[in-house]
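No hydrogens, no waters, no symmetry mates; every other heavy atom, side chains included, goes into these values. These numbers were taken from a predicted model, which means no experiment stands behind them.
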Amino acid sequence: MNVLIIAAKEIHQAIRNRWVLAATLLLAGLALSLTFLGSAPTGNVGVRTLDVVVVSLSSLTIFLVPLIALLISHDAIVGEMERGTMLLLLSYPVARWQVLLGKFLGHLAVLAFATCLGYGAAVGALAATGSQIDSDSFLAFAAMVGSSVLLGAAFVAIGYLVSALVRDRGTAAGICIGLWLLLVLIYDMALLGVLALDQGRSISASVLNAMLLSNPTDAYRLINLTGFANVSTFAGMAGLAQTTSLTIPVLLTALLCWTLLPLGLAALAFSRREL
């Protein structure tokens, strides 16, 4: 019960601070832009319109959803400690893990609402224009939305871990931006460089799989750009889809681990932290 009360408090605060509205409008605006700009040539090349949307939104999600998740979570603990509200909250009969879990569920609900509604606007727009949406394409779209929420959950948990470890909000913000750059941009560039230099001599398929699972954004990318035949063909990743041994259940498990492990470490750090 305490967890749900704290989650409701976080949702109410996000609504009051316009976080819900801003995130939803941002995702919806970009989703609609990509939908109408990307669907123009599909009639000439024989690609289903919703498949184009899945590829476009998957690429957008990798950059945008982790950033939004870190922005709403980086000061969840350290921010309340600086303002003195955490001391007041813990004066009630509530455990620290309940505070952490309640905050996490509240922030995840905000992110899930913004993602589902924002990306759902793309399907609504396609349906309104009379575009044909078959079951395979809709399944790929639903998987993209669900995995986007799971990717956001992983980065919310990472933000909580940073917030539980540092002593001021500025440091938390700086570390989170650095982690975003590392996981979203630098990691894949470095991985491509290593693979290009190695040329298959010493990096085996199992090592490559482990390297891909070591980054939540790569697990997300593989789910959406190689997990469905129609999407992987259009995305130019059909070859990788046929050679990788990472199945969708394995990739989803990896994203789940990227959520639970940082959240557990954050709970441990928070339990040992002095107010």
Side-chain angles (χ1 to χ4, degrees), residues 47 51-52 54-70 73-74 140 143-144 146-162 164-166 174-266 268-269:
V47 177
D51 295 342
V52 181
V54 170
V55 173
S56 300
L57 291 184
S58 297
S59 301
L60 170 69
T61 298
I62 291 171
F63 293 94
L64 193 56
V65 169
L67 183 59
I68 294 175
L70 291 172
S73 64
H74 76 278
M144 185 271 296
S147 59
S148 296
V149 174
L150 194 52
L151 177 66
F155 276 88
V156 169
I158 292 172
Y160 273 53
L161 177 58
V162 173
L165 292 173
V166 301
I175 293 176
C176 284
I177 293 299
L179 287 174
W180 179 81
L181 289 171
L182 174 64
L183 295 175
V184 174
L185 297 174
I186 299 175
Y187 186 91
D188 283 341
M189 294 175 62
L191 179 59
L192 288 175
V194 170
L195 293 176
L197 291 175
D198 182 74
Q199 295 183 353
R201 290 189 295 266
S202 59
I203 299 180
S204 63
S206 59
V207 173
L208 177 59
N209 289 340
M211 295 170 72
L212 291 172
L213 294 177
S214 298
N215 188 343
T217 61
D218 283 333
Y220 172 85
R221 182 183 284 109
L222 290 173
I223 289 172
N224 293 287
L225 298 184
T226 68
F228 299 89
N230 51 330
V231 174
S232 64
T233 301
F234 173 69
M237 300 184 72
L240 181 60
Q242 295 174 357
T243 58
T244 182
S245 60
L246 297 174
T247 62
I248 289 184
V250 171
L251 295 169
L252 290 175
T253 301
L255 280 180
L256 187 62
C257 290
W258 268 103
T259 301
L260 297 179
L261 183 59
L263 191 64
L265 293 175
L268 180 62

- Query: Taking C-beta and beyond as the side chain, do L150 and I223 meet within less than 4.5 Å on heavy atoms?
  - Reply: no
- Item | Heavy-atom side-chain proximity of F155 to L183 below 4.5 angstrom | yes
- Query: What heavy-atom pair brings L151 and P66 nearest, and what distance separates the two atoms?
  - Reply: CD2-CG, 4.0 Å
- Determine whether Y220 and S148 make a side-chain contact, defined as any pair of heavy atoms from C-beta on separated by less than 4.5 Å. yes
- Message: Return the CD1 to CD1 distance between I175 and I177, rounded to the nearest 0.5 Å.
- Response: 11.5 Å
- Quick one: does W180's side chain have a donor or acceptor within less than 3.5 Å of a partner on L185's backbone? no
- For L268, side-chain contact (heavy atoms from CB on, under 4.5 Å) partners two or more places apart: S271, R272
- Item | Contact list for residues 205-214, test salt bridge (Lys or Arg N to Asp or Glu O under 4.0 Å), sequence neighbours left out | none
- Taking every non-hydrogen atom, the tightest pair across A266 and A164: O-CB, 3.7 Å
- Report yes if the side chains of L212 and L191 come closer than 4.5 Å at any heavy-atom pair, otherwise no. yes
- Message: Once side chain to side chain donor-acceptor pair (under 3.5 Å) is applied, do any residues pair with S73, and if so which ones, sequence neighbours excluded?
- Response: none
- Message: Filter on salt bridge (Lys or Arg N to Asp or Glu O under 4.0 Å), then keep only pairs touching residues 181-196, sequence neighbours left out; what's left?
- Response: D188-R221
- Query: Does anything in residues 148-160 pair up under salt bridge (Lys or Arg N to Asp or Glu O under 4.0 Å), and if so which pairs, sequence neighbours excluded?
  - Reply: none
- Query: Are the side chain of N224 and the backbone N or O of S58 linked by a donor-acceptor pair below 3.5 Å?
  - Reply: no
- Message: Please report the interatomic distance OG1(T61) to CG(L67), rounded to the nearest 0.5 Å.
- Response: 12.5 Å
- To the nearest 0.5 angstrom, please state how far the CG atom of L192 sits from the OH atom of Y187. 11.0 Å
- What's the spacing between L251 CG and I248 CD1 if we round to 0.5 Å? 7.5 Å
- Distance-minimising heavy-atom pair for A210 and S214: O-OG, 2.7 Å
- Residue among L246, L222, D218 satisfying side chain to side chain contact (heavy atoms under 4.5 Å, CB included) with L213: L246
- Query: If you look at every heavy atom in P262 and C257, which pair is closest and at what distance?
  - Reply: CD-O, 3.8 Å
- Task: Assess whether side chain to side chain contact (heavy atoms under 4.5 Å, CB included) is satisfied between L195 and L208, documenting all intermediate values.
- Result: CA-CA 9 Å; L195 293 176; L208 177 59; 3.9 Å; yes
- Query: Which atom pair, heavy atoms only, marks the closest approach of A157 to L263?
  - Reply: CB-N, 3.9 Å
- Task: Indicate the atoms forming the closest heavy-atom contact of C176 with G159, along with that distance.
- Result: SG-CA, 4.2 Å
- Query: Any salt bridge (Lys or Arg N to Asp or Glu O under 4.0 Å) pairs touching residues 249-262, not counting sequence neighbours?
  - Reply: none
